There are 2 protein chains.
Amino acid sequence: MSLNHILLGMLREPSTGYELGKEFSEGAQHFWFAELSQIYPTLKRMRDRGWLDTWEEPSERGPKRKVYKTTAEGRAELRTWLRDGPHLGRERLGFIAQTFFLGELESYEESLSIVRKMRAMWEHKLGYLEHVERMVEEDHGDPSHYGGDGLHNHAALRMGIHMLRAKLAWCAETLERLETRLELAEPTPAG
Amino acid sequence: MSLNHILLGMLREPSTGYELGKEFSEGAQHFWFAELSQIYPTLKRMRDRGWLDTWEEPSERGPKRKVYKTTAEGRAELRTWLRDGPHLGRERLGFIAQTFFLGELESYEESLSIVRKMRAMWEHKLGYLEHVERMVEEDHGDPSHYGGDGLHNHAALRMGIHMLRAKLAWCAETLERLETRLELAEPTPAG
DNA sequence: GGACACATGTAACAAGTTACATGATTGG
DNA sequence: CCAATCATGTAACTTGTTACATGTGTCC
């Protein structure tokens with residue numbers, strides 16, 4: 001799976017299961033998500049395989065924290081996964097499937113309403129990613145000067161932004177078609 | 001899950017497990033994929049729930065075929081799923097995660113090679129989808145006249161095309177940055 | 001007779017979700 | 001004392017993958 005490898009990447013800086021869970025609920029959710037109930041046992045298994053170190057630390061507030069960090073062996077595994085070529089094969093894009101079958105509802109109003117909901121969610125996500133991009137640029141300046149991790153982190157962010165803009169362009173195109181269809185079917189009483 | 005609902009949509013026209021598997025390996029793989037070993041037991045469970053009818057037919061070539069078709073109950077379930085709003089939450093985009101951690105390799109050449117592989121795969125997919133779009137237009141004419149299923153099928157196809165173009169735009173942007181970085185690090189001996 | 005496409009499955013395992021259990025500390 | 005946040009987990013279940021088993025009919 002990839003969760004193992006994503007955690008290997010994230011845990012190059014030490015962190016706890018709880019903190020990782022919050023990262024997945026915030027920034028990282030734009031390309032991956034995992035529940036705490038999946039994260040905890042996964043961390044344990046990875047430690048057993050020798051990919052992670054672990055120790056305990058007192059919390060400022062609440063019970064003691066179990067901190068994990070990627071080992072040298074873990075980093076080797078991460079590099080193998082990265083070199084293993086792009087892992088593209090099997091995206092599951094449920095919203096395309098849903099669009100595909102939307103004709104079943106036999107109602108342009110319902111289709112419109114669903115596409116408008118998609119647009120609202122994606123606009124919200126895009127706003128967040130664009131905000132993150134501005135913050136990064138304020139902190140680190142012109143992206144053309146980034147090196148190493150900075151460059152690749154920024155590239156990942158840009159991918160998120162490109163994809164969301166494409167989704168929104170599709171929404172505009174599709175809403176226009178659906179609205180035209182609806183007008184043809186039900187001409188305005190005043191018109 | 002969504003596989004149930006995707007099969008409900010596909011099986012409004014009768015088909016067999018084997019044929020559905022081929023559809024997932026061809027066109028449908030652009031937004032979903034399922035193995036035969038997942039499809040067969042899923043069909044059986046769906047029939048047990050009353051969502052599918054099934055009967056046997058002789059094959060032209062090879063053993064007898066087990067044909068399935070969505071029942072009225074199945075269509076009701078499909079409509080419920082469609083109306084249940086867009087199912088967006090949890091895309092898993094492993095390639096963005098991979099990009100994010102690519103700095104670990106500490107090699108612009110390796111990053112370039114991976115992004116070029118992504119570009120090659122996506123160009124190939126885009127070529128296929130654009131070909132499908134041309135075929136659809138030849139058969140059915142100007143998309144602005146499509147109604148019902150035709151309109152929604154075309155919208156799903158357009159989404160695939162928009163997404164792939166966004167990915168390729170990102171590749172161009174990212175390759176340019178990586179190449180600049182590489183030139184700065186290793187100025188040409190002749191320059 | 002061998003390769004290939006047709007056709008359907010099972011078994012074992014890995015990954016992911018939902019629901020539940022437990023308890024500490026802080027702020028109102 | 002109550003709610004919220006911090007913090008770690010288990011159990012039962014669903015979903016998805018990999019590997020294997022079995023057999024038919026056609027073309028070369």
Side-chain angles (χ1 to χ4, degrees), chain A residues 1-8 14-26 28-29 31-49 51-52 54-68 77 81 87-94 97, chain B residues 1-8 14-26 28-29 31-49 51-52 54-68 77 81 87-94 97:
Chain A
M1 69 157 158
S2 298
L3 178 60
N4 281 316
H5 299 100
I6 289 168
L7 293 177
L8 284 175
S15 186
T16 68
Y18 188 75
E19 275 175 12
L20 293 164
K22 283 213 300 184
E23 283 183 62
F24 280 121
S25 307
E26 290 160 19
Q29 61 149 323
F31 56 87
W32 204 271
F33 181 79
E35 300 282 350
L36 277 175
S37 58
Q38 191 192 358
I39 293 169
Y40 285 124
T42 301
L43 290 173
K44 201 170 268 184
R45 258 181 281 120
M46 290 169 73
R47 184 206 50 192
D48 293 345
R49 279 190 223 175
W51 290 352
L52 301 179
T54 183
W55 63 93
E56 289 188 347
E57 276 178 14
S59 168
E60 311 243 319
R61 167 187 171 155
K64 63 191 171 190
R65 298 145 43 84
K66 209 161 177 175
V67 184
Y68 290 89
E77 172 59 34
W81 178 70
H87 304 278
L88 301 174
R90 283 136 190 226
E91 288 172 75
R92 283 188 166 83
L93 303 171
Chain B
M1 67 157 160
S2 298
L3 179 59
N4 281 315
H5 299 100
I6 289 167
L7 294 177
L8 285 175
S15 185
T16 69
Y18 189 75
E19 274 176 13
L20 293 163
K22 283 213 300 183
E23 282 182 61
F24 281 122
S25 306
E26 291 160 19
Q29 61 149 324
F31 57 87
W32 203 272
F33 181 80
E35 300 283 350
L36 277 175
S37 58
Q38 192 191 358
I39 293 169
Y40 286 124
T42 301
L43 290 173
K44 201 170 268 186
R45 259 181 280 119
M46 290 169 73
R47 184 206 50 191
D48 293 345
R49 279 190 223 173
W51 291 351
L52 301 179
T54 183
W55 63 94
E56 290 189 346
E57 277 178 13
S59 168
E60 311 245 319
R61 170 188 167 152
K64 63 191 170 190
R65 298 144 43 85
K66 210 161 176 176
V67 183
Y68 290 89
E77 174 59 34
W81 178 70
H87 304 277
L88 301 173
R90 282 135 191 228
E91 287 171 77
R92 284 186 166 85
L93 303 171

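The chains referred to below are lettered A, B, ... by the order of the sequence lines, with proteins before strands, and numbering in each begins at 1. Bear in mind the structure is a predicted one, so any value in this text is a computation, not a measurement.
In the set D:dT5, C:dG16, D:dG23, the nucleotide with an atom closest to the side chain of B:Pro63 is D:dG23. Here the side chain of A:Tyr18 is nearest to one of D:dG9, D:dT18, D:dT5, namely D:dT5.
Position along DNA chain C of the nearest nucleotide to B:Glu60 versus A:Arg61 favours B:Glu60 as the more 5'-ward residue. Ranked by how close their nearest DNA chain D nucleotide is to the 5' end, A:Arg92 and A:Leu36 are led by A:Leu36.
A:Ile39 places its CD1 atom 14 Å from the P atom of D:dA7, with the value rounded to the nearest Å. Rounded to an integer number of Å, the gap from A:Glu35 CD to D:dG9 P is 17 Å. Going from atom OH of A:Tyr68 over to atom P of D:dT8 covers 8 Å, rounded to whole Å. In this structure, B:Glu19 atom CD and C:dC6 atom P are separated by 10 Å, rounded to whole Å. Distance NZ (B:Lys66) to P (C:dT10): 8 Å, rounded to an integer number of Å. The distance from atom NZ of A:Lys44 to atom C1' of D:dA7 is 14 Å, rounded to the nearest whole Å.
A distance of 11.5 Å separates CH2 in A:Trp32 from CD in B:Glu91, rounded to the nearest 0.5 Å.
For the pairing with A:Arg65, the side chain to side chain donor-acceptor pair (under 3.5 Å) check across A:Glu56, A:Glu19, A:Glu60 returns one residue only, A:Glu19.
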